[in-house]
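Before any comments, here is the structure.
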Amino acid sequence: MNRKFPHCFGTFGPGLEVCRVCYARVQCQDRTTRPRRDRQQVVQAGVWEGEITGPDFELGHTLGSGQVFRWGRDADGWWKGIAYGTAFHLRQKGDRIAFKASAEGVKTYAGEMGVRDFLVWYLRTDEAPRVRVPRQDRHLRKARGLLRGLRFVRQDPFECMISYILSVQAHMNLTKRRINFLARILGEGILFLGERYWTFPRPEALSDLNGDYYRRHKFGWRSERVAMAARYMAEQLEDMDRSWDLGVWQEVGQGLYELSGSGVGLKVAKCIDLFSLDRLDAVPVDTWVRKMAKDWYGVTGSDAKICAWAEERGGKWAGYMNEYLFAYYRELNGQTIYDQVLSFCETEIPSAELPFETSG
DNA sequence: GGCCAGGCGCGAC
DNA sequence: GTCGCGCATGGC
């Protein structure tokens, strides 16, 4: 056995072998039909700096709420993350948000934007949610007051879909690690301010691999679901003549929900709707929301029932109404600081999982 | 070591 | 349509 080169440990797609050392797709012992993918290839990025304003906006609540998996607060106080193929450092002082970005322009399903416009769009800094509080609802009044500056980030739909399929019945830090793993081996590297970031893999990259591959890497029973969902989306991408605007992504989200075995049930579908498809009236019902609905409102029953109750009650802003309650309930009942976005933002401890490696 | 984690899918009714 | 159970894996 030649120790100098990586070894294949299996075939996980048509003619696709994967190195057991770096887990990347590599040309290994001349047995693969795929071109070599050099995991060390990292593009050095420039730095674009500036500032946007965010009145009535809280960066920490927004990026620390648990919605996004590829952001974290570093020990130096900056929020660092990668979105739409661009790495960012962000920090808020008052209503000003300083940014450093790895690119001048960012491509999204809504078109290409300058980095400043992108951040306003991505963070929704210019949109104030209007959640009305029924007179007697003291929980919601308190929650809204504490979390007023929170926004739903406009996540990349593909990343959001795969991420929430992976999130099923797993702790968030574990999900973050799995997502970072995928990016690390199948994404593109960006060297930014001395840190290595990895873009979220493209649909083709994920769909090249079958469920055995993800299972090998301990994704458990999410394995076949990730493979199926990625395959479905890669096929849609090939079939679709139109460009991938929001309407197309909404169709794809619906398709995944209807596709049994894709890993997208009611809860994940609502997360996708709310976090990436601009449906701010969607309410994902998870284990926290279920407990909260019972403890605070006496509402019990199936998740579908609780969902219908919450969406009816909240109307067009139901997503925010639920998020306030969800975050406040978790603040009061969470077991760790990472469950408690308000407490976490008051400390200076870094996030448990950060989306980059320090270059060395 | 047992319980649970931001559920889903499938088979019984 | 809805209810109950099995499902991998890791953290606490």
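Chain A is the first sequence line, chain B the second, and so forth, proteins listed ahead of strands; every chain is numbered from 1.
- No engagement by A:Val285 is indicated, since no non-hydrogen atom pair under 4.0 Å with the nucleic acid exists.
- Across C:dC7 and B:dC3, the matching C1' atoms stand 16 Å from one another, rounded to whole Å.
- With rounding to the nearest 0.5 Å, the separation of CD in A:Glu159 from CD1 in A:Ile179 is 7.0 Å.
- Among B:dC10, B:dG6, C:dT9, the nucleotide with an atom closest to any side-chain atom of A:Ser260 is B:dC10.
- Between A:His171 and B:dG6, a side-chain N or O to OP1/OP2 separation shorter than 4.0 Å is present.
- Residue A:Gly263 is classed as a sugar-phosphate contact, given heavy-atom separations below 4.0 Å to backbone atoms only.
- For the P atom pair drawn from C:dC5 and B:dC4, the interatomic distance equals 15 Å after rounding to whole Å.
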**OP:** Mind running ring pair (Phe, Tyr, Trp, His ring centres under 6.0 Å) on A:His217 and A:Phe181 for me, showing each step along the way?
**Re:** CA-CA 9 Å; A:His217 292 292; A:Phe181 169 79; 4.9 Å; yes
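- Nucleic acid contact for A:Ser65: base, since at least one base atom lies under 4.0 Å from a heavy atom of the residue.
- Taking the centre of each ring, A:Phe88 and A:Trp48 stay at or above the 6.0 Å mark.
- Look at A:Asp286 and A:Lys267 and you find no salt bridge, because none of the NZ, NE, NH1 or NH2 atoms lies under 4.0 Å from a carboxylate O.
- Here the OH atom belonging to A:Tyr338 is positioned 9.0 Å from the NZ atom belonging to A:Lys176, to the nearest 0.5 angstrom.
- Looking at heavy-atom distances under 4.0 Å, A:Ser223 makes no contact with the nucleic acid at all.
- For A:Val168, counting side-chain heavy atoms from C-beta on, the closest listed nucleotide (B:dC8, C:dG11, C:dC7) is B:dC8.
- Atom P of nucleotide B:dA5 and atom OH of A:Tyr329 are separated by 11 Å, given to the nearest angstrom.
- Placement of A:Trp121 and A:Ile82 in two distinct hydrophobic clusters is found when ILVMFWY residues are connected by side-chain heavy-atom separations under 4.5 Å, directly or transitively.
- In this structure, A:Ile165 atom CD1 and C:dC7 atom C1' are separated by 17 Å, rounded to whole Å.
- Within 4.0 Å (heavy atoms only), A:Leu266 reaches sugar-phosphate atoms of the nucleic acid but no base atom.
- With rounding to whole Å, A:Asn333 atom CG is found 15 Å from B:dA5 atom C1'.
- In the set C:dA8, B:dG6, C:dG11, B:dG6 carries the atom at the smallest distance from any side-chain atom of A:Glu323.
- Among B:dG9, B:dG6, C:dT9, the nucleotide with an atom closest to any side-chain atom of A:Tyr164 is B:dG6.
- Remark: A:Arg216 is not in phosphate contact with C:dT9, judged by side-chain N or O atoms under 4.0 Å from OP1 or OP2.
- No contact: A:Arg330 has no heavy atom under 4.0 Å from any strand.
- Remark: the separation of the P atoms in B:dG11 and C:dA8 is 16 Å, to the nearest Å.
- In this structure, the nucleotide among C:dG11, C:dT9, B:dG7 sitting nearest to the side chain of A:Val268 is B:dG7.
- Applying the side chain to side chain donor-acceptor pair (under 3.5 Å) criterion to A:Ser343, with sequence neighbours excluded, gives A:Glu331.
- A:Lys270 and A:Glu311 are joined by a salt bridge, as a carboxylate oxygen and a charged side-chain nitrogen come within less than 4.0 angstrom of each other.
- Ring centroid separation for the pair A:His139 and A:Tyr329 does not come in under the 6.0 Å cut-off.
- Closest to the side chain of A:Arg225, from the set C:dT9, C:dG11, B:dG7, is B:dG7.
- Residues from residues 287-311 of chain A that place a heavy atom under 4.0 Å from any atom of DNA chain C: there are none.
- Going from the P atom of C:dG4 to that of B:dG6 covers 23 Å, rounded to whole Å.
- Taking 4.0 angstrom as the limit, A:Gln169 places a side-chain polar atom (N or O) nearer than this to OP1 or OP2 of B:dG7.
- Projected onto DNA chain B by closest heavy-atom contact, A:Ser167 and A:Tyr257 fall at different nucleotides, the more 5' of which corresponds to A:Ser167.
- Distance, A:Glu224 CD to C:dT9 P: 10 Å, rounded to whole Å.
- Following rounding to the nearest Å, A:Trp221 (CH2) and C:dG10 (P) show an atom-to-atom distance of 13 Å.
- Note: CD (A:Gln155) to C1' (B:dG6) measures 13 Å, nearest angstrom.
- Using a 4.0 Å heavy-atom cutoff across all strands shown, A:Gln67 reaches at least one base atom of the nucleic acid.
- The nearest whole Å value for the distance from the NZ atom in A:Lys267 to the P atom in B:dA5 is 12 Å.
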